[in-house]
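One structure is given here, and the rest of the page talks about it.
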Amino acid sequence: MRWSRYYIPTLKEAPADAEVVSHKLLVRAGMIRKLTSGIYTWLPLGLRTLERAKNIVRREMNAAGACEALMPMVIPADLWIETGRWEKFGDQLLRFKDRNERDYCLGPTHEEVITDLLRGEVRSYRQLPLNLYQIQTKFRDELRPRFGLMRGREFMMKDAYSFDCDDAGADRSYAAMRDAYHRIFSGMALSFRQVEADTGAIGGNFSHEFMVLADTGEDTIASCTGWPECAWAANVERAPVVTGYVPDRSECPAPETVSTPGQHSVEEVCSFLGADPARLIKTLLLVADGTPVAALIRGDRELNEIKLRKLVGADDIRFASPEQVQAWTGAPVGFAGPVGLRGVDRIYADNELAAGNDWIAGANRADAHVRHLDLHRDVTLPIEWADIRNAVAGDPCPCCGRPVELKRGIEVGHIFKLGTKYSESMKAVFLDENGREKPMIMGCYGIGVSRVVAACIEQNFDEGGIMFPPPLAPFDVHLINLDPKNAEVSAKADEIHAFLEELGLEVLYDDREERPGVKFKDADLIGLPAQIVVGGKSLAGGKVETKNRRTGEKSALPAETFADAFPGFWQGVLDSWQR
RNA sequence: CGGGAUGUGGCUCAGUUUGGCUAGAGCGCAGCGUUCGGGACGCUGAGGCCGGAGGUUCAAAUCCUCUCAUCCCGACCA
């Protein structure tokens, strides 16, 4: 493809509304443009990467036995009402009416449509298992779209749905998808982790996420330092802390109230009393479905609200208001403690606190804290010990006991074992070999294809721009003709262009009449894996130059025998992406 | 939805505090010339009713009211 006849509007400066690197670079490289908040146009170069990503997904999905289909984007409300999600999905669902005042929505996900389809088609266990997928534009009216393609409202998603006769079959379908996902992200040359995940609103009983590792990721994952021997990793949202309940029964001096005027936060109290935050107990007051809840964790830890919500069995959990705190503790925010709480009938305490003693905590009195607190001795309310804090670096791996580390990641894939959640509510049933009616066992498997493009860049960039891994690069080779007016240079560049295309490589041929500096900057910005530079200077010496965008390594190949020398260079570029 | 910020040529921004000449710069764009191996230089030129609506004033990009849009932080998710 000749640049002079292509459309790649690169920019020297990043747009003011772009915050993260992938967004800035995608716009600067002329790959996307914003239409409105969370909604983007794919320009030709960006579309090429998107299509390559889709094709890798398609290849592995097909190889794993899934069948591609395409469902409508517009979905009638009836199906959503049937599963109760018309209400539950809330404002994320973009709703509208047709001319006859009938309700519709734009599909944010397609469990309802696929289940509706198959309940009318599948009658017998002989027709199962089935796995159908599609690659399609989804729409979710996000609370807050942000970060360019990372969280758009309109985005490209691959969604697959499996249907099995029994649990064993569903487990096989799940495993097949899990394996396919590993091949997909490996095939994209991305560095990623499979992590245990929370099921969230999609529902079902267990799930894994696939996280592209990048310092700019929105999610935090705990992973075993023993990797790859131990592959355990989990989203901190649900990473278990396995220290367990090990009570410390050592002697503790009698509790003593100390004056701490105006010292609210953990840091303030600790510096005031000269204590380590690890000696302090944070008493967090929350409201779970309207009921007051007290939770205790160590001063240097974070509460995991998801764990607590599950423990309490609530749908909704939030921090108490200052007024509520005042009512339950008799003190302003900042002085809550486990002794003498009112309106709370039990206390949830993190396991870790059992293993310590002689704590500092709030006194439930303005400007006062208690020290020498022994939870086992001094607290009169019943205590429920549990794992309610976020994992931290150094916690033991639940799998092998080695310490875990925390990394940032971008969620690009999520697989769920759904069970019969949808097949029961929508009566998607079949007859088994005994003629008995049973609900199909379902799984669903998503990949945010447009997010993959952003994540790929978040993981692979430098000051100069993008460094595309070969499988996702919009073209394979960036061929630069430094002097298009020079007949000799152009003849050589044209020759190389033709040669590379004959090899089956996709070539972006920069034949523009621009100054060399402009072309070099654009080449680095766009970030194709291999650059080949044909210019008067080096050609006079019988050479053409090459550059590996990832390593920055430059070399010269003989112009005369370029065809013989090129494969070695290209292989070197591919090898530099082996992980 | 709560909190914060920003809207001025295609892009990045100055000017707004303290109202006052014909609204500026850099990049980009068009023409001419000089250049030509890591975003060249000179000259000439096109392009803006200062997000929108109302108001105050002799006078509004600048002050007031309302409104729309975008971005950031928080509650949700591929």
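Naming convention: chains lettered A, B, ... in sequence-line order (proteins, then strands); numbering from 1 in each chain. Keep in mind that the numbers below use all heavy atoms, side chains included, and drop hydrogens, waters and symmetry copies.
Counting any heavy atom pair closer than 4.0 Å across all strands shown, A/G465 reaches no nucleic acid atom. No engagement by A/I447 is indicated, since no non-hydrogen atom pair under 4.0 Å with the nucleic acid exists. Using a 4.0 Å heavy-atom criterion, one finds that A/E218 contacts no nucleic acid atom at all. In this structure, A/V412 reaches the sugar-phosphate backbone alone: every heavy-atom distance under 4.0 Å involves primed, P, OP1 or OP2 atoms, never a base. Looking at heavy-atom distances under 4.0 Å, A/D91 makes no contact with the nucleic acid at all. Contacts of A/R318 with the nucleic acid, taken as non-hydrogen atoms under 4.0 Å apart, are absent.
Nucleotides B/G20 and B/U57, compared at atom C1', are 12 Å apart to the nearest Å. When the P atom is compared between B/G48 and B/G9, the two are found 10 Å apart, to the nearest whole Å. Rounded to the nearest Å, the gap between the P atom of B/U17 and that of B/C77 is 46 Å. Comparing the C1' positions of B/C50 and B/G15 gives a spacing of 10 Å, expressed to the nearest Å. Nucleotides B/A46 and B/C58 are separated by 36 Å at their P atoms, to the nearest Å. Taking atom P in both B/C49 and B/A61, the straight-line distance is 13 Å, to the nearest Å. B/G55 and B/U62: their C1' atoms are spaced 15 Å apart (whole Å). Using atom C1' as the reference point in both B/G52 and B/C36, the two lie 48 Å apart (nearest Å).
A/R85 has a carboxylate O that lies under 4.0 Å from a charged side-chain N of A/E111, or vice versa, which qualifies the two as a salt bridge. Ion pairing between A/E51 and A/R48 fails under the 4.0 Å rule for side-chain N and carboxylate O. Taking a cutoff of 4.0 Å between a charged side-chain nitrogen and a carboxylate oxygen, A/D300 and A/R389 do not qualify as a salt bridge.
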Check nucleotides 7-11 of chain B for protein N or O atoms closer than 3.5 Å to its own N or O atoms and list the pairs.
none

Restricting to nitrogen or oxygen on both sides, can you table the protein-nucleotides 34-36 of chain B pairs closer than 3.5 Å?
from, atom 1, to, atom 2, distance (Å)
B/U35, O2, A/R515, NH1, 2.7

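Residue A/E111 contributes atom CD, which lies 12 Å from atom C1' of B/A78 at whole-angstrom precision.
Here B/G38 is the nucleotide among B/A78, B/G38, B/C76 with the atom lying nearest to any side-chain atom of A/F520.
Across all strands shown, B/A40 is found opposite B/U34 as a Watson-Crick or G-U wobble partner, with both distances under 3.5 Å. Across the strands present, B/U57 finds no partner; the criterion is a Watson-Crick or G-U wobble pair with both atom distances under 3.5 angstrom.
Taking a 4.0 Å limit (strictly below) on heavy-atom distances, residues 531-547 of chain A reaches RNA chain B at A/G535, A/G536, A/K537, A/S538, A/E545, A/K547. Using a 4.0 Å cut-off on heavy atoms, the residues of residues 21-57 of chain A that approach RNA chain B are A/R28, A/K34, A/T36, A/S37, listed by number.
At B/G28, one or more side-chain N or O atoms of A/K12 fall inside 4.0 Å of OP1 or OP2 (strictly under the cut-off). OP1 or OP2 of B/C73 lies within a sub-4.0 Å distance of a side-chain N or O belonging to A/R144.
Among residues two or more places apart in sequence or in another chain, the salt bridge (charged side-chain N to carboxylate O under 4.0 Å, His left out) test is passed with A/E196 by A/R238.
Every pair passing salt bridge (Lys or Arg N to Asp or Glu O under 4.0 Å) that includes a residue from residues 5-20 of chain A is listed here, sequence neighbours excluded: A/D17-A/K34.
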